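Below, all heavy atoms of this structure are taken into account, side chains as well, without hydrogens, waters or symmetry copies. Proteins get letters first, then strands, A, B, ... in listed order; numbering begins at 1 in each. Please read these numbers as outputs of a predicted model, since none were measured by experiment.
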There are 2 protein chains.
Amino acid sequence: MTTITTRDHIVAAANQLFYRQGYEHTSFADIAGEVQISRGNFYYHFKTKDEILDAVIGARMAETQAMLDEWEAESESPADRIRSFIHILIANRTDIKRFGCPVGTLTTELAKLNHPSQAGATELFSLFRAWLSVQFRALGCKKDADRLAMHILARSQGVATLASAFGDEKFIRREVGEMCDWLAWIAAAAGSEEQEKS
Amino acid sequence: MTTITTRDHIVAAANQLFYRQGYEHTSFADIAGEVQISRGNFYYHFKTKDEILDAVIGARMAETQAMLDEWEAESESPADRIRSFIHILIANRTDIKRFGCPVGTLTTELAKLNHPSQAGATELFSLFRAWLSVQFRALGCKKDADRLAMHILARSQGVATLASAFGDEKFIRREVGEMCDWLAWIAAAAGSEEQEKS
DNA sequence: GACGGATTAGGACGTATGTCCTAATAACGA
DNA sequence: TCGTTATTAGGACATACGTCCTAATCCGTC
C-alpha cells in the first residue's frame, strides 16, 4: 500500500501551479495555500524553491514514462503508438488551450531564467524524443527515425503554442488530423521501401 | 530627422530584456541599468510596468509590420514571400536557439500571468497570420489560405521551441528545408488547380 | 538673462517573497 | 509510559521590487 505523503501533495500542487502560472510566478505561499499547510511545514520538506522544481520535474519524468509504457502496452503497431502521442493534443485540449504544453512552456521559462534545471526540463523532451525514435524505427524508418521524432515533436509544440494564443480548439483537431495523415504517408512509404528490399 | 528619445531607449532595452529574460523576470532596475538612467527618470516616462509592456508590444507591432512590408516589396511572388517568412528561423537562429521565438514566448508567458496585455501579444501573431493568409490566397489557395497560414505559423513555433530546448542549429536548417519543400508542393498543387479551372 | 516646462536623479515606502529559526505536536519504538 | 524522532505551525528576517515623491538640472523662449 502506498500512502500519499505531505511531500507528495506538495509536489502535486506545485506541478499544477507551475504549469498554470509558471515557475517564477508561483510562490511558496501559493503552494502552501493549495495544500493547506503552513510555510514552515513546507520548509521542512523542501529547503529551496529549486528543490521543489527538481521534484516536480522528477514527478513529470515518472508520469511521462508511465504514459509511454502504457501506450507501448496498449498497442502492438508503432503507427498506433505514435498516433497515441499525437492525440494527447486532443485529450489535453482544455488545458493546452489555456496553458500550452507543460513541457514546452517549462523549458522556455527556465531558458529565460537561465535556471540550473534547464537540462532536467529538456530531459522531458528527450523522453518523448527517444520513445518516438524507437517507434519510427520499428515502423521501418531506420535512418530517419530521430529526424521524424523531432519533426512530430516540433509540430505538436507549435500546435500547442498557437492553440493557446488563439484559444482555438478546431485548429487543434485540424492539425492533429494532418499529423495523422502525414504519419500514414510516412508509414506507407516505409512499408513500400521494406518491400523493395525483399 | 527623427531623434532617438530616452523613451525610445527604454522601450528598446525593455524589448531586448523581455525577450531574453522574460517580462516578469525583468525588473525596472534591469532596464534602467541597461539604459543607464535612474529609476526616477524611468518613472517619468512610464508609470507602471504594464505601460512599458504595452509600449514594447506596440514597437514590435511596428517592427513586424515594417518587415512584412519589406518582404512584400522585395519579391513579387507570393511563394518567395512565404519563404522569407520561413527563413527568419535561420536569420535569427542564434537568438532563437537561446531565447526561442519572441512572439511565442511572450504570449505563453502572458497567458500564465493572466496578464491584461495577452490580447496585444496575440495581435503580433495575428499580423503574421493575416499576412501569410494574403500570400497563400495570392498563391491560389483561396479557401485554405488561413488554414495554411496557421499551419506554417505553428510549425515555425514548434521549430523555435525545440531548437531552444536542444540548442540544435542543424535541426532548424533541416526543418526550414522541409517547410520549403512543403510550400513548393502546396504551390504546385494550387497551380495545377488553377489550370484545371481555365 | 530670467522664467517655465521638460527631463533627470535619488531616495522613501509598502508589499511580497524566499529563507530560516524555534517551539509545539504527533508518531512510534523500547 | 517514557523518550526520541518526525512532522507541523507560526513567525522573524533580509532582500528585491513596483510605485511614488521631491528636489535638482537642462533647455528653449521671451
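- Distances shorter than 4.0 Å separate some side-chain N or O of Tyr43(A) from OP1 or OP2 on dC20(C).
- Side-chain N/O atoms of Tyr44(A) include none lying less than 4.0 angstrom from OP1 or OP2 on dT8(D).
- When heavy atoms are screened at a 4.0 angstrom cut-off, Thr5(A) is found touching no nucleic acid atom at all.
- For the pair Thr6(B) and dT8(C), the criterion of a side-chain N or O lying under 4.0 Å from OP1 or OP2 is met.
- Whole-Å rounding puts the Ile52(B) CD1 to dG18(D) P distance at 8 Å.
- Listed for the Gln135(A) side chain is no donor-acceptor partner under 3.5 Å among the backbone atoms of Arg81(A).
- For Asn41(B), a side-chain nitrogen or oxygen approaches OP1 or OP2 of dA9(C) to under 4.0 Å.
- Residue Arg39(A) contributes atom CZ, which lies 10 Å from atom C1' of dA12(D) at whole-angstrom precision.
- The minimum heavy-atom distance linking Leu53(A) with Phe18(A) is given by the pair CA-CE1, 4.0 Å.
- When rounded to the nearest whole Å, the span between CG of Asp30(B) and C1' of dT15(D) equals 15 Å.
- By the 30° and 60° cut-offs, the orientation of the rings of Trp71(B) relative to Phe128(B) is tilted.
- Within 6.0 Å of the CD atom in Gln36(A), the count of heavy atoms belonging to other residues, nucleotides or ligands does not exceed 12.
- At the phosphate of dT8(D), OP1 or OP2 sits under 4.0 Å from a side-chain N or O atom of His45(A).
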